[in-house]
Amino acid sequence: MHGYAPTKDAHLRRLRRIEGQVRGLQRMITEDEYCIDVLTQISAATKALQAVSLGLLDEHLKHCVSQAITEGGATADAKIAEASDAIARLVRS
């Protein structure tokens, strides 16, 4: 079971809203909306995706990483490295 299992429905709802935002962006471009308005909406969609990412990361740390640390050994080291890599990707984006 993944760490996000208890909040899966909430994540899916948020992702569906983000999907709607992206469809709205496509419509804005199709309708030749003002550049700044499009950029503002892109920023909002980006922030929404970042919020989902941070929620998933938090759940991963609380569930998967903490469980691996309890087990110890190479599994713990691998999960910590994996989490660090995920954090680095998020920071770069």
Side-chain angles (χ1 to χ4, degrees):
M1 174 150 93
H2 297 291
Y4 61 82
T7 56
K8 181 178 178 176
D9 291 337
H11 289 306
L12 287 172
R13 277 191 302 276
R14 288 183 95 173
L15 289 169
R16 285 186 196 106
R17 276 195 304 267
I18 294 166
E19 181 181 20
Q21 285 179 291
V22 172
R23 280 194 307 271
L25 284 164
Q26 293 170 347
R27 180 192 52 74
M28 290 177 80
I29 295 292
T30 299
E31 296 175 2
D32 295 321
E33 296 282 337
Y34 185 56
C35 302
I36 297 302
D37 294 339
V38 176
L39 290 170
T40 299
Q41 291 306 310
I42 289 172
S43 178
T46 300
K47 295 290 184 194
L49 278 171
Q50 288 172 343
V52 172
S53 297
L54 290 173
L56 287 170
L57 179 62
D58 183 59
E59 291 165 346
H60 179 69
L61 292 171
K62 289 178 179 174
H63 180 264
C64 302
V65 175
S66 65
Q67 183 178 3
I69 289 171
T70 301
E71 294 170 9
T75 301
D77 294 339
K79 287 289 181 187
I80 291 169
E82 182 181 60
S84 292
D85 291 344
I87 292 167
R89 283 191 304 274
L90 287 173
V91 169
R92 282 192 300 266
S93 63

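Values below: every heavy atom of this structure, side chains too, minus hydrogens, waters and symmetry copies.
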Can you hop from Ile42 to Ile29 via hydrophobic side chains spaced under 4.5 Å?
yes

So if you build clusters from Ile, Leu, Val, Met, Phe, Trp, Tyr with side-chain heavy-atom gaps below 4.5 Å, do Leu15 and Leu56 land together?
yes

If you take all heavy atoms of Cys64 and Gly3, which pair is closest and at what distance?
SG-N, 4.0 Å

Keeping to residues at least two apart or across chains, list the side chain to side chain donor-acceptor pair (under 3.5 Å) pairs with something in [range].
range	answer
residues 64-83	none
residues 43-53	none
residues 31-41	Arg27-Glu31

Partners passing side-chain contact (heavy atoms from CB on, under 4.5 Å) against Ala48 (at least two apart in sequence or in another chain)
Ile18, Gln21

Pairing residues for Ala51 by the side-chain contact (heavy atoms from CB on, under 4.5 Å) criterion, not counting sequence neighbours:
Arg14

Sorted by chain and residue number, the side chain to side chain donor-acceptor pair (under 3.5 Å) partners of Thr7 (sequence neighbours excluded) come out as His11, Glu59

Can you measure from CZ (Arg16) to CG (Leu12) and round to the nearest 0.5 angstrom?
5.0 Å

Linking directly or through intermediates, with side-chain heavy atoms under 4.5 Å: list the remaining ILVMFWY members grouped with Ile87, chain and number order.
Leu57, Leu61, Val65, Ile69, Ile80, Leu90, Val91

Set of residues satisfying salt bridge (charged side-chain N to carboxylate O under 4.0 Å, His left out) with respect to Arg92, sequence neighbours excluded
none

Name all residues meeting the salt bridge (charged side-chain N to carboxylate O under 4.0 Å, His left out) criterion together with Asp58; count only those two or more places apart in sequence or in a different chain, and write none if there are none.
Lys62

Got a sec, which residues hit ring pair (Phe, Tyr, Trp, His ring centres under 6.0 Å) with His2, two or more places apart in sequence or on another chain?
Tyr4

